[in-house]
Structures are given as structure tokens and as C-alpha cells.
There are 2 protein chains.
Amino acid sequence: MGKERTKVSMAVIRRLPRYQRYLDELFKNDVKRISSRELSERMGVTASQIRQDLNCFGGFGQQGYGYNVEDLYNTITDILGLNRSYNTIIVGAGNLGQAIAGYTNFEKSGFTLKALFDVNPKLIGLRLRDIEILDVDTLPDFLHQHKVDIGIMCIPRKAAQQTADILTSNGVRAIWNFSMTDLDVPADIIVENVHLSDSLYTISYRLNEEELFNKIDKN
Amino acid sequence: MGKERTKVSMAVIRRLPRYQRYLDELFKNDVKRISSRELSERMGVTASQIRQDLNCFGGFGQQGYGYNVEDLYNTITDILGLNRSYNTIIVGAGNLGQAIAGYTNFEKSGFTLKALFDVNPKLIGLRLRDIEILDVDTLPDFLHQHKVDIGIMCIPRKAAQQTADILTSNGVRAIWNFSMTDLDVPADIIVENVHLSDSLYTISYRLNEEELFNKIDKN
DNA sequence: TAGATTGTTAATCGATTAACAATC
DNA sequence: TAGATTGTTAATCGATTAACAATC
């Protein structure tokens, strides 16, 4: 029943948060409606792409008018699952873990931080925004007692796989991985990698690309 | 002279650091040679893709043998521009800025942190690994006096564009942007965005995708 | 109504995969 | 030499863009 549907590609999924950001901005600037063409100009993409992307999820516009900014913002927020709530924990309470713990906007979007974990005795017992830093040894126990949807891993490479195993074998459904290494997890587990080193190295590549090919072409 | 060459796509560029990571691992495990097929199995990609990717830069393998691990590692390191050095600064010395400042592996790969900047008087004057946190008001002056290749922006959204303008108009060639907003910069400036919120929101999307389409299909 | 803009199909473009001759 | 594996061309697949009928 309903029309044939193909899976939404990651390319589309990764564009959705950006649409949401731009619509949020428009809404805050009291813009009531916007056409795909105008939005495309602001965002530096094609109008066709915007219409195609949105139509993965249904027709939210109106011919001759465009899109209602507030409605479309709310719709995309809903598509992104940001009208729900998620329990999260952070493993690794160093600077990066603390930085992420400090993003109160994530809380506003439904991501509730339940606890942080660390191996460092100097950190264990401290509180961040009233959230306790616990001994990582207590992680399995904690997961047995609390439903955790998303595990945020801010730990060194060498501890990453072991921690991922603990998370996935205790009910965590998704991992936000900052560990700069790839994880081996069951097929039904969602992994979102933020490989900061990979990201940085694309910068050094691009800074040198021209020179690199001058060298290659000479040989 | 030399053969016709087409620009290397971002898809390929973004895979290079991952190749480097796997080759580093192999090298550390004393693996001397590897075929595209075996590497493809370890990495979960096709052998064809590996061979196509590498051949953007030349032929590094040997028929019937495969690739020499150490040579290929060194070659990719060179392609990524990691045999050079880059001067960097961090604008925004909060937890995230401090986290990035703390990655000593970046220093080892040639990224030299020259200074951090912040608006917070409590941070200004402090030192991290012997690197001083300076008043962001002194940023233009600093850029006049020091050659800075990469500006790392770890500041809130609202200050981002203004800071990007200061960086780009004072010789900074690339921006690593953690500000969760898009930047408007001259065409020759390299921008690498790490939009953490966008990344997180793809997780909530994927956690709910199935249910989302059950709902859509019912209508 | 006339003008504007969507939703959607068709065309194009680019990236990935397959195939295989070259060759170590 | 025979077997293995690359480098590279051709085929396929998927994503983006263009076009336009439908319709507000």
C-alpha cells in the first residue's frame, strides 16, 4: 500500500541538517515563505536538488507559492527525529568529551546526557552541569540499569573497539565515534564517525594539490 | 607533456586518510606487502576502488605482487601533504579548542600550533603545552606578524563569519571550521567544515528512519 | 485568469564496479 | 614458465540536473 519507495541515500540524509539550519535562520528572520529557487541561491545548491531531496519524504510545497518556512522547518525537524528524546552517555571525559557535554543545544534538540565515564581517577566523581563523571569500570552495570540510545566515544584509539563492544552488547543502538579509528560493530548498530585527523588531512592535501600534480606531471 | 589529468574528486580525497591509517596499521604489524584485494577486504571496500583511487596519483603497485606497504604508506603520506609543516592557530580556547590543541599527533604530522585566541579574560594569558592563549583582539596584529596557514575556528556561530573575514583577509589559506554554521569566504580559501550538530542529527534520523516511513506510507 | 513554482519524469553527469590485457 | 595482481578501459550504477506538465 502507498507508493513504491526507495531507501533514502546518505547523500540526502547528510543534507537534511543543513536545510534545517537554513530554515531556522529564515524563520528567525521572519521570512514566511521561500521557493526552492531562492533557497538554492542562499545555500549554493540547485533548486532541483532541494525539490528532489524533499520529495523523498513527501510533497511539502505548494505550486506557484513555494514552501511555508515554519512548516518546512517543523517537518524537517520531525524527519530528523528531533521531536523525540534520546539518552546519551559520553565515554571519555577529557576536553573533547567535556566540550560535547557542554553543548546545551544538543539537550534542547532532545539529546539528554545521562552520564560521562572516564578512567582517570582525577576526573571520576566530578560533575559537569550536574552530570556525574563515573568510573568506566561501572559502564556495563550502568547500561544494564539505564536505557542508553547513543554512546559518544571520546577516547583514544586503543580503547575504542573494546568500548564499542561493551556499548553494543548492552543495548546501545548508535555510536558517535570520535576515536579516529574504525569500529567493528553488528550490522544493526548505527555508527557515525567524526575522524578529526582524516578531516584535517584533507586540508593539507588541498593546500598542496597543485604543487603535487606539478611534480607528478614532470615525471 | 605528461598524460591528460582530471581533477581528483573529493570522494577520493576523503578516502586517502583512511588508506593511510590502514597502511600505518599494517606497517606496525610488520606486514611487508599487500594486494588491493586483501586491503579491500580489511577496509570493506572494493579492490577496484582502491586501484582506481591510487591511480589518480600514479602506479605504485607491481603486477603479480601487490603494493609494498611501507612505500605506499610513505607515498600517501606525501600525497596528503604530511611531510610538510603548517602553522595553525585556534580561535576559541574553550573545551573544544583545548581538545584540539591537545592532540599531539597533529603536531607530529606537521601541524604546528602557534597560538590560541579567546575573548574570555579568564583564559587569556593561560598556557597550554607552552602555547599562550591571546586576546582575540590581537588576532589581526598576530596574523600580520606570523605566517599562519590554517585557522581552526572553535567559536560560537554568531562570531564565526566575522572571524573568518579576519582570517582570510590576513593571509590564512584554510579554515577548519567547527562553528556549526557555513562560512562565506573567497574562492581560493579552503574550508573544511566539521558540523557536529549535522553529524549528530544524522544519527537521530537513522534511529527513526524505519518508523518515519511506516508513518509516511500509511498516509 | 496569468504567473509562479512545485512534483516528477527524463537526461546527464560522475562515481563505482567489473573485466581483462599487460606484466611482474 | 605459471600464477598473481596491477593499471586501465568499459560497463554499470547512482546521484544530480534539466525540463515541463500539473496546479496553486
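Every chain is numbered from 1 and lettered A, B, ... according to where its sequence line falls, protein lines coming before strand lines. What you are looking at is a predicted structure, and each value in this text was computed from that prediction instead of being measured.
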Query raised in the report: So what does A/Ser35 touch, heavy atoms closer than 4.0 Å: a base, only the sugar-phosphate, or nothing?
Result: sugar-phosphate
Query raised in the report: D/dG14 P sits how many Å from A/Met10 CE, rounded?
Result: 16 Å
Requested in this report: Give the ring-plane orientation class for A/Phe111 versus A/Tyr86, where under 30° counts as parallel, over 60° as perpendicular and anything between as tilted.
Outcome: parallel
Query raised in the report: Closest nucleotide of DNA chain D for A/Arg15 versus for A/Tyr65: which of these residues is on the 5' side?
Result: A/Arg15
Requested in this report: Would you mind telling me which of D/dG7, D/dA15, D/dT17 lies closest to the side-chain atoms of B/Tyr67?
Outcome: D/dG7
Query - Per B/Arg51 side chain, nearest of listed nucleotides C/dA19, C/dT6, D/dT17 - result: C/dA19
Query raised in the report: Is there a donor on the side chain of A/Ser48 or the base of D/dA18 sitting less than 3.5 Å from an acceptor on the other?
Result: yes
Query raised in the report: Taking only side-chain nitrogens and oxygens of A/Ser36, does any of them come within less than 4.0 Å of OP1 or OP2 of C/dT5?
Result: no
Requested in this report: Would you verify whether the NZ or CZ of A/Arg42 falls within 45 degrees of the ring axis of A/Tyr22 while also being under 6.0 Å from that six-membered ring's centre?
Outcome: no
Query raised in the report: Hey, are B/Asp165 and B/Gln161 close enough side-chain-wise for a donor-acceptor pair under 3.5 Å?
Result: yes
Query - d(CD, B/Gln52; P, D/dT8) in whole Å - result: 10 Å
Query raised in the report: So, A/His195 and A/Asn177: side-chain donor and acceptor under 3.5 Å apart, yes or no?
Result: no
Report task. Report the distance from atom CG of B/Leu72 to atom C1' of D/dT6, rounded to the nearest whole Å. Result -> 13 Å
Requested in this report: Among the candidates D/dT17, C/dT6, C/dT16, find the nucleotide nearest to the side-chain atoms of A/Gln63.
Outcome: C/dT6
